Protein chains: 4
Amino acid sequence: MNGPDNLIEEIFEQSDELTEKQKKIILAAIQSFAEKGYASTSTSEIAKSAGVAEGTIFRHYKTKKDLLYSIIEPMLKKFIAPFVIKDMEKVLNEKHASFEDFLRAMIENRISFLSKNMLLFKILIQEIPFQPELKALFKEHIGTKVITRFTQVVEHYQEKGELIDAPPLTIIRLTASAIFGYLIVRNLLLPELDWDDQAEIDQTVQMIMHGIAVPKQA
Amino acid sequence: MNGPDNLIEEIFEQSDELTEKQKKIILAAIQSFAEKGYASTSTSEIAKSAGVAEGTIFRHYKTKKDLLYSIIEPMLKKFIAPFVIKDMEKVLNEKHASFEDFLRAMIENRISFLSKNMLLFKILIQEIPFQPELKALFKEHIGTKVITRFTQVVEHYQEKGELIDAPPLTIIRLTASAIFGYLIVRNLLLPELDWDDQAEIDQTVQMIMHGIAVPKQA
Amino acid sequence: MNGPDNLIEEIFEQSDELTEKQKKIILAAIQSFAEKGYASTSTSEIAKSAGVAEGTIFRHYKTKKDLLYSIIEPMLKKFIAPFVIKDMEKVLNEKHASFEDFLRAMIENRISFLSKNMLLFKILIQEIPFQPELKALFKEHIGTKVITRFTQVVEHYQEKGELIDAPPLTIIRLTASAIFGYLIVRNLLLPELDWDDQAEIDQTVQMIMHGIAVPKQA
Amino acid sequence: MNGPDNLIEEIFEQSDELTEKQKKIILAAIQSFAEKGYASTSTSEIAKSAGVAEGTIFRHYKTKKDLLYSIIEPMLKKFIAPFVIKDMEKVLNEKHASFEDFLRAMIENRISFLSKNMLLFKILIQEIPFQPELKALFKEHIGTKVITRFTQVVEHYQEKGELIDAPPLTIIRLTASAIFGYLIVRNLLLPELDWDDQAEIDQTVQMIMHGIAVPKQA
DNA sequence: AATGAATGAGTCTTCATTCAT
DNA sequence: CATGAATGAAGACTCATTCAT
């Protein structure tokens, strides 16, 4: 849960073979895909704003879709990476005394990650519904790996008596909704507002844990 | 909060002037837009699956975008209608003894509405990011009217001591996230699962109100 | 073995549904394909010389290859039609006293046909080696139907003692070579020479029958 | 009428300056041109199947067409070489007692040559109609030199009373048709059949000389 | 109102060719 | 000599839109 969180830079560093032009293409593609959507972005437009010839794009990516995937796949994989750590369970016991600690760590980590890669995140959620291959990839990774792992965590804290006895999937859903809801509102719907991120995260964790109702006095 | 919840039918009934062909066009467009996205759907495809000539579409809608808007605008307006009732406040006092009652009523009503109009909902959330006019419409209606109204409601129950003292917008965000999160997971991400809707809604309301943590013993 | 020998006209008459533009497209395509070859002819070029928009071509023919086939298939079918007459054998007995009569009739008929459709014939023989579907069509029609029928004819005259006792396929090959050789030299290789067609055909028949050697004196 | 009949090898031996890569390029080009046609073969494809970089092709051949010509020209020249021997006439007198002897020698020699260079032959006959320069080259060599020479030969044997009194060009046409017809049927149209080449050649010579009709009894 | 042929700008992609390394 | 990234013109094909019928 560390390292250079900025995915684009990371992709660039990882692949040393990337031409300067290739980097420009990727940057331009990310910008345009996020702004107007994959289908409404033309390759000629990408080429122009990347400052390369249109043919250059197709030298590096066989098809326009290949270009999209080369952008989204690392995003997807990197996003779920932390959840796939083999011994997540143990890590939990040692590191996080309570579910709340775990939740807070998780949220801060993933929110930081997504905030730094908002354009990629936007492309990802916009295109998943329309790209069967992406959908499959998403389902496989999120559906099997992440949810399985998370279910274990939830059950672990349920056994410890910290969490209510609701179906884990429902708990996960609410938690995830709160997180993604925050990200989407904060970055995509109302980015122009002044946000006190730390306060919002605190509030969000607080509400996930204890709801919005004033607790009944004993 | 009543009437024929199915928007498409309603649109058809409302506008008596709609030709039989026009209805077919709308149905075909909704189907295709939801399935492949607005940008990836061609008018010729819509015409074919509607069983009309290409020209017929443009007789009724000046442009392809007009067709999209003619579908989405009623959706958007209908969705927010309940929130804009002038005397919502009074209605509240009389009808809903507690915020939880209000919340449950609201959720059931809107979930029922969206579930019955899932295709339209999907088109709406997919296209809003890319259609500036839609975005403006959305911000104006949701941003000003709905949030304003909802803020009043939240403040009302905060004054009654039922809700915690967090910023209303944050409370609204969490509540909305939980609802939309449920809808999206249930209808778009994992529609193939067996869902006990009533149980899920109960759980969701319960968690919004009291969180997922086991309450501390007094 | 009669009727309007000009295939293009016939195609036009047969298909009453052909638009005026569609006819222009076909004529332009034939011209260009024959002149520069299928692969070296661009659709934009066809469009231009047909005086239509490029899109118009694709309204009528899904692909460029479809356009090619729509031109070549009738040609191929029409060319072999006379050989597939069911009762060719009977026809022979009645009409043609000798193989030489038959041969002369056949040659004059087919040479007349091909001469009138030289462009189509040129396209046909140029494209067959490169279009697997055409090759298959050709092999099926020529290979099975025409050769089978012709073999019967040859054997018939061999039994009558008119033809030498060589393998029918070899006899057919020499005969066909002489005919196509004449056509190709006369129309494609040396069209600028002055040709006395009737004399050439007479000579050709004469040589097919008796060779080029001076017969040995008895 | 001697030497290593395989043209490709000969080209390689003759030009000692040919790089190993260059040889691979030529071989790959021949293969692809014969298979899919010149216009439908891309230089990148040739480069790939030759195992060289695209640039390498253009280091040796200024243009794609240059590559084609570098392949076809030797073919054309080599093919007609035997006919251009200055004192062909004398050679004839001495070597060939009869036209039939001459014909048989000629056929066996040229058939052997073309069979060994079938791919080149195929490229030659496919491209001649579309490459004006080739066409000119062909006409000049075949049209003037070969036909002129051959006409002399035919007239020589006509004077000796061995050949009928038809126009030499017609006799040449029939003879050439029979030869090329055999080559095309045997190698390009029906290569999958079992061919007894010697028998076929014998038959062909026989038919050229005496036709297919049973000679009338004296 | 409905049609569908026609359009031509625009799409993704391929290609022959160049040139710095 | 050889490479392969880069080019941009051209290719086949699609599309939203128009208009005469």
Side-chain angles (χ1 to χ4, degrees), chain A residues 17-22 24-25 39-48 50-67, chain B residues 17-22 25 39-48 50-67, chain C residues 17-22 25 39-48 50-67, chain D residues 17 19-22 25 39-48 50-67:
Chain A
E17 317 111 20
L18 285 182
T19 319
E20 207 53 43
K21 304 239 169 194
Q22 208 164 345
K24 282 185 192 164
I25 291 170
S40 300
T41 300
S42 72
T43 50
S44 86
E45 193 188 331
I46 295 173
K48 197 178 291 174
V52 305
E54 209 171 344
T56 307
I57 294 176
F58 291 92
R59 166 155 295 277
H60 297 293
Y61 307 93
K62 263 169 72 86
T63 65
K64 187 186 167 193
K65 206 158 264 178
D66 275 6
L67 174 57
Chain B
E17 317 110 23
L18 285 182
T19 322
E20 206 53 43
K21 303 238 167 194
Q22 206 165 346
I25 291 171
S40 300
T41 299
S42 71
T43 50
S44 86
E45 194 187 330
I46 295 172
K48 194 184 290 173
V52 305
E54 281 204 64
T56 308
I57 293 177
F58 291 90
R59 174 151 300 278
H60 297 293
Y61 306 93
K62 254 169 72 91
T63 67
K64 187 187 168 192
K65 205 156 267 181
D66 277 4
L67 174 56
Chain C
E17 316 109 20
L18 284 182
T19 320
E20 206 53 43
K21 305 239 167 192
Q22 209 164 344
I25 291 170
S40 300
T41 300
S42 72
T43 50
S44 84
E45 194 187 330
I46 296 172
K48 197 178 291 174
V52 305
E54 208 173 345
T56 307
I57 293 176
F58 291 93
R59 166 156 296 277
H60 297 294
Y61 305 94
K62 261 169 74 86
T63 66
K64 188 186 166 193
K65 206 158 263 180
D66 274 8
L67 174 57
Chain D
E17 319 110 21
T19 321
E20 206 53 43
K21 304 238 167 193
Q22 206 165 347
I25 290 170
S40 300
T41 299
S42 71
T43 49
S44 86
E45 194 187 331
I46 294 172
K48 194 183 292 175
V52 305
E54 281 204 64
T56 308
I57 293 176
F58 291 91
R59 174 151 301 277
H60 296 293
Y61 305 93
K62 253 167 72 92
T63 67
K64 186 185 168 194
K65 205 157 265 178
D66 276 4
L67 174 57

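Residue numbers start from 1 in every chain, and the chains themselves are labelled A, B, ... in the order their sequence lines are given, proteins ahead of strands. Since this is a predicted model, take the numbers as computed values, not measurements.
Put simply, NZ on Lys48(B) and OG on Ser42(B) are 8.0 Å apart, with the number rounded to the nearest 0.5 Å. For the atom pair CD1 (Ile25(A)) and CZ (Phe58(A)), the distance works out to 10.0 Å, reported to the nearest 0.5 Å.
Contact annotation: the side chain of Lys64(B) never approaches that of Ile57(B) to less than 4.5 Å [non-hydrogen atoms, C-beta and beyond]. Side-chain contact between Ile46(A) and Leu67(A) is present, with at least one heavy-atom pair separated by less than 4.5 Å.
Nucleotide dA9(F) holds its P atom 19 Å from the CD atom of Glu45(C), rounded to whole Å. Computed from coordinates, the Lys48(D) NZ to dG4(F) C1' distance equals 13 Å when rounded to whole Å. The OH atom of Tyr61(C) sits 19 Å away from the C1' atom of dT14(F) (whole-angstrom rounding). Taking atom CD1 on Ile46(D) and atom C1' on dA16(E), their separation rounds to 11 Å, with Å as the unit. Spacing between atom CD of Glu54(A) and atom C1' of dA5(F) amounts to 17 Å, rounded to whole angstrom units. For the pair Ile57(A) CD1 and dT11(E) P, the computed distance is 12 Å after rounding to whole Å. Taking atom CD1 on Ile25(C) and atom C1' on dC13(F), their separation rounds to 14 Å, with Å as the unit. Note: CZ (Phe58(C)) to P (dA16(F)) measures 17 Å, nearest angstrom.
Comparing Glu20(D) and Ala39(B), the nucleotide of DNA chain F nearest to each residue sits closer to the 5' end for Glu20(D). Each of His60(C) and Arg59(A) was matched to the nucleotide of DNA chain E holding its nearest heavy atom; the match closer to the 5' end belongs to His60(C). Sequence order on DNA chain E of the closest nucleotides to Ser44(A) and Lys62(A) puts Ser44(A) first from the 5' end. Ranked by how close their nearest DNA chain F nucleotide is to the 5' end, Thr63(B) and Ser40(C) are led by Ser40(C).
dG10(E) is paired with dC13(F) under the criterion used here, namely a Watson-Crick or G-U wobble arrangement in which both key atom distances are under 3.5 Å. Searching all strands for a Watson-Crick or G-U wobble partner of dT21(E) with both distances below 3.5 Å returns dA2(F).
The phosphate of dC1(F) has OP1 or OP2 within less than 4.0 Å of a side-chain N or O from Thr19(D). Contact annotation: Lys64(C) side-chain N/O to dA12(F) OP1/OP2 distance is under 4.0 Å. Using a 4.0 Å cut-off, no side-chain N or O of Ser42(D) falls inside it from OP1 or OP2 of dT14(E). Proximity of Thr56(C) to the phosphate of dT7(E): a side-chain N or O atom is located under 4.0 Å from OP1 or OP2. For the pair Thr43(B) and dC15(F), the criterion of a side-chain N or O lying under 4.0 Å from OP1 or OP2 is not met. The phosphate of dT3(E) has OP1 or OP2 within less than 4.0 Å of a side-chain N or O from Lys21(B).
Of the candidates dT17(F), dT7(E), dT7(F), dT7(E) carries the atom nearest the Ala53(C) side chain, counting heavy atoms from C-beta on.
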Going through the distances and angles, do Glu54(B) and Ser44(B) end up as a side-chain hydrogen bond (donor to acceptor under 3.5 Å, both in side chains)?
-> CA-CA 6 Å; Glu54(B) 281 204 64; Ser44(B) 86; 4.7 Å; no
Mind running side-chain contact (heavy atoms from CB on, under 4.5 Å) on Thr19(D) and His60(D) for me, showing each step along the way?
-> CA-CA 10 Å; Thr19(D) 321; His60(D) 296 293; 3.6 Å; yes
